[in-house]
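Let me begin by presenting the structure, written as C-alpha cells, before commenting on it.
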Amino acid sequence: TFSRFQRGGVVEADHHETGFGYSPGKDAYGRPVIFTQEGATAFAKMMKASKGAVRTEDVTSSRRTPEKNREVKGVPGSNHLYGNAVDIHGGSKVWMKANGLNHGFKNLVYSGHDGHFDFIGGGAKLVPGDGDEMTARNYMSGPYAGDQPSVLDNAISVGKMFFEML
C-alpha cells in the first residue's frame with residue numbers, strides 16, 4: 001500500500017481495497033479515495049468550489065477492487081470497479097445532490113440509497129444501469145415524490161450498511 005497526500009491536489013495512490021488510481025484525499029476509513037485521473041481532478045475542483053462542503057472524509061466507498069466489490073455485495077460491473085463512482089454522506093452528499101452534476105457527478109438512487117454518484121464527465125466508462133436507478137432530482141420531484149425515506153429510515157440504512165461492512 002502506498003499513497004502520497006498533499007494539501008489541495010490529486011496524487012497517485014494504491015490500496016488493497018481500492019486498487020491503484022488517483023486520489024484527492026482519504027475517506028472515512030483512512031483509505032485513499034480513488035478515481036480515474038479525470039474523476040479525481042473533477043472531485044478536487046468540486047471540493048474547492050464547494051468551499052469545504054464536499055470533503056473526502058464523507059466518502060465511504062470509491063474505486064473498489066473486484067474482491068472488495070464482491071465482499072460488499074456490489075453489482076458485477078459496478079462503476080466502482082473503474083474508479084467512476086463514489087458513495088458519500090453528510091454535508092458532502094447534500095452539496096453534491098444540488099451541484100454535483102455541474103462537476104460531472106450524477107446522483108443515482110438505488111432502493112432509497114441516495115448517496116451514490118457516478119462520474120460521467122468527459123467520457124468516463126459507465127456501465128448501463130439496471131433501470132431501477134433514478135436521479136435524485138427525479139426521485140424528489142417525479143412520480144415518487146413524497147415516497148422519500150425519512151431521516152430515521154436513512155439512519156437505519158446507514159447503520160445497516162456500516163454493520164454489513166464489518
Side-chain angles (χ1 to χ4, degrees), residues 3 5-11 13 15 17-18 21-64 72 74-75 78-80 82-127 129 132-142 144-162 165:
S3 61
F5 290 101
Q6 62 192 32
R7 189 168 169 83
V10 171
V11 297
H15 186 274
E17 292 182 356
T18 62
Y22 298 86
S23 178
K26 293 184 180 180
D27 72 10
Y29 304 102
R31 303 170 300 198
V33 174
I34 299 288
F35 292 105
T36 60
Q37 187 171 19
E38 185 179 11
T41 301
F43 195 88
K45 288 179 180 177
M46 183 172 56
M47 288 170 51
K48 185 174 182 179
S50 77
K51 297 183 167 81
V54 176
R55 304 169 337 115
T56 58
E57 295 88 348
D58 288 343
V59 171
T60 55
S61 184
S62 58
R63 184 179 185 280
R64 299 179 190 143
V72 300
V75 185
S78 166
N79 281 315
H80 285 282
Y82 302 101
N84 290 319
V86 64
D87 294 334
I88 196 162
H89 303 281
S92 298
K93 177 180 80 169
V94 172
W95 195 92
M96 286 181 68
K97 283 172 70 173
N99 305 287
L101 201 51
N102 296 331
H103 299 274
F105 288 88
K106 180 180 179 183
N107 183 215
L108 300 180
V109 175
Y110 295 92
S111 303
H113 167 58
D114 64 346
H116 176 92
F117 294 81
D118 279 344
F119 178 65
I120 61 171
K125 179 181 182 205
L126 287 177
V127 174
D132 291 333
E133 71 275 355
M134 300 173 273
T135 65
R137 181 170 294 136
N138 290 342
Y139 186 67
M140 299 301 281
S141 63
Y144 299 98
D147 292 337
Q148 302 92 319
S150 69
V151 172
L152 178 60
D153 291 333
N154 285 334
I156 291 169
S157 294
V158 169
K160 284 180 184 176
M161 288 186 309
F162 174 76
M165 288 192 276

Check your understanding: Of all heavy-atom pairs between A13 and P32, which one has the smallest distance, and what is that distance?
Key -> CB-CB, 3.7 Å
Point to revise | side-chain contact (heavy atoms from CB on, under 4.5 Å) assessment of R63 paired with V86 | key: CA-CA 7 Å; R63 184 179 185 280; V86 64; over 6 Å; no
Exercise for review: Specify the closest pair of heavy atoms between F105 and F117, including all atoms of both residues, with the distance to one decimal.
Suggested key: O-CD2, 4.0 Å
Review point. Should H89 and T60 count as side-chain neighbours, where that means a heavy-atom distance under 4.5 Å?
Key: yes
Practice item. Indicate yes or no: at least one non-hydrogen side-chain atom of N107 is less than 4.5 angstrom from one of L101. Key: no
**Study point:** With S50 via side-chain contact (heavy atoms from CB on, under 4.5 Å) - residues at least two apart
**Key:** A53, V54, W95
Practice item. Any chance you could measure E38, atom CD, to Y22, atom OH, to the nearest 0.5 Å? Key: 12.0 Å
**Study point:** F119/F35 aromatic ring centres below 6.0 Å
**Key:** no
Review point. Closest heavy-atom contact between K97 and D114?
Key: NZ-OD2, 2.6 Å
Study note, to complete from the structure: Between V59 and D27 the two heavy atoms that sit nearest each other are O-CB, 3.3 Å
Revision key, fill the gap. To the nearest 0.5 Å, atom CE of M96 lies from atom CG of D58 at 10.5 Å
Exercise for review: Apply side chain to side chain donor-acceptor pair (under 3.5 Å) to S61 and list each qualifying residue two or more places apart in sequence or on a separate chain.
Suggested key: R64
Point to revise | From T18 atom OG1 to I34 atom CD1, the distance as rounded to the nearest 0.5 Å | key: 4.5 Å
Review point. Would you find a donor on one side and an acceptor on the other, under 3.5 Å apart, between the side chain of S78 and the backbone of G74?
Key: no
**Study point:** Step-by-step salt bridge (charged side-chain N to carboxylate O under 4.0 Å, His left out) determination, E17 to R31
**Key:** CA-CA 8 Å; E17 292 182 356; R31 303 170 300 198; 2.7 Å; yes
**Study point:** Minimum heavy-atom distance between V33 and P24, given as atom pair plus value
**Key:** O-CD, 3.4 Å
Check your understanding: Between D118 and Y82, is any pair of side-chain heavy atoms under 4.5 Å apart?
Key -> no
Check your understanding: Do D87 and H80 pass the side-chain contact (heavy atoms from CB on, under 4.5 Å) test, and can you show the C-alpha distance, the side-chain angles, and the key distance before you say yes or no?
Key -> CA-CA 9 Å; D87 294 334; H80 285 282; 3.5 Å; yes
